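Structure, as structure tokens:
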Amino acid sequence: MAVGYLTRQGLIRRERDPQRRRDIYVVDDDAWYRSAVISSRQTLAAAEITKEAGQTLGLDTPVGRRLARGGAFLERISLDALASAERWRDLLP
């Protein structure tokens, strides 16, 4: 389960070792970038669902307003994180 999670998060990737006929797992130089982008996109998707739920329940209700504001917050920080990841992608150690 841990390997599947790390793969879905973009921290590792699976490659086939042709000499041994088995899989190996690789952490490459873009792992942190990919992981940040994947996480931000997942949060952005949750933000859209949350905003839609707020609209469905109605912005004239307390719960609808809370969901809409929460969704807007998640959307903004996700977009900021995506822009930041792109801006700092080529950062040298």
Side-chain angles (χ1 to χ4, degrees):
M1 286 178 51
V3 170
Y5 175 78
L6 293 172
T7 302
R8 285 189 304 277
Q9 293 303 310
L11 289 169
I12 63 174
R13 63 184 159 80
R14 184 176 22 199
E15 290 183 355
R16 190 75 169 162
D17 183 348
Q19 296 173 347
R20 296 186 184 159
R21 293 181 26 199
R22 60 189 229 188
D23 291 335
I24 57 173
Y25 296 92
V26 178
V27 177
D28 61 22
D29 292 339
D30 284 340
W32 295 109
Y33 168 78
R34 274 195 321 277
S35 180
V37 168
I38 289 168
S39 177
S40 295
R41 287 181 181 159
Q42 289 171 340
T43 303
L44 192 55
E48 289 303 316
I49 292 168
T50 304
K51 288 184 345 183
E52 288 174 15
Q55 292 288 335
T56 300
L57 293 171
L59 298 178
D60 56 338
T61 66
V63 69
R65 282 191 301 274
R66 271 195 305 275
L67 286 170
R69 290 187 70 208
F73 172 78
L74 290 175
E75 179 181 54
R76 287 180 188 153
I77 63 170
S78 297
L79 293 173
D80 285 348
L82 286 167
S84 184
E86 190 59 38
R87 183 173 54 249
W88 296 105
R89 183 177 189 175
D90 295 327
L91 181 67
L92 296 175

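Nothing here was measured: the structure is a model prediction, and the numbers come from that model.
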Measure across [X] and [Y] and return the closest heavy-atom pair with its distance rounded to 0.1 Å.
X: Arg21; Y: Arg16; value: O-NH2, 3.4 Å
X: Ala85; Y: Val37; value: CB-CG2, 4.3 Å
X: Glu75; Y: Glu48; value: OE2-OE2, 3.0 Å

Is it the case that one hydrophobic cluster holds both [X] and [Y], taking links as side-chain heavy atoms less than 4.5 Å apart, direct or via other members?
X: Tyr25; Y: Leu11; value: yes
X: Trp32; Y: Val26; value: no
X: Leu82; Y: Ile49; value: no

I'd like to know whether CZ of Arg87 has more than 12 heavy-atom contacts from other residues, nucleotides or ligands below 6.0 angstrom.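 Enclosed: over 12 neighbouring heavy atoms sit under 6.0 Å from CZ of Arg87.
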For Asp29, does the CG atom have more than 12 heavy-atom neighbours from other residues, nucleotides or ligands under 6.0 Å away?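 Open: at most 12 neighbouring heavy atoms sit under 6.0 Å from CG of Asp29.
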Atom pair CG/CZ of Leu91 and Arg89 - distance to nearest 0.5 Å: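 If we round to the nearest 0.5 Å, Leu91:CG and Arg89:CZ are 13.0 Å apart.
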Separation between OG of Ser78 and CZ of Arg41, rounded to the nearest 0.5 Å: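 Answer for the OG-CZ pair, Ser78 versus Arg41, is 11.5 Å.
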Is there a side-chain contact between [X] and [Y], using heavy atoms and a 4.5 Å cut-off?
X: Asp28; Y: Arg13; value: yes
X: Arg8; Y: Ile38; value: no
X: Val3; Y: Ile12; value: yes

Under 3.5 Å, side chain of Ser35 to main-chain N/O of Ala31, donor-acceptor pair present?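 No; zero donor-acceptor contacts below 3.5 Å.
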Contacts table for residues 55-74: side-chain donor-acceptor under 3.5 angstrom, sequence neighbours left out:
from	atom 1	to	atom 2	distance (Å)
Thr56	OG1	Glu52	O	2.9
Thr61	OG1	Leu57	O	3.4
Thr61	OG1	Gly58	O	2.8
Thr61	OG1	Gly64	N	3.1
Arg65	NH1	Leu59	O	3.2
Arg65	NH1	Asp60	O	3.3

I'd like to know if Arg14 and Asp23 make a salt bridge, using a cut-off of under 4.0 Å between side-chain N and carboxylate O.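 Yes, Arg14 and Asp23 are salt-bridged.
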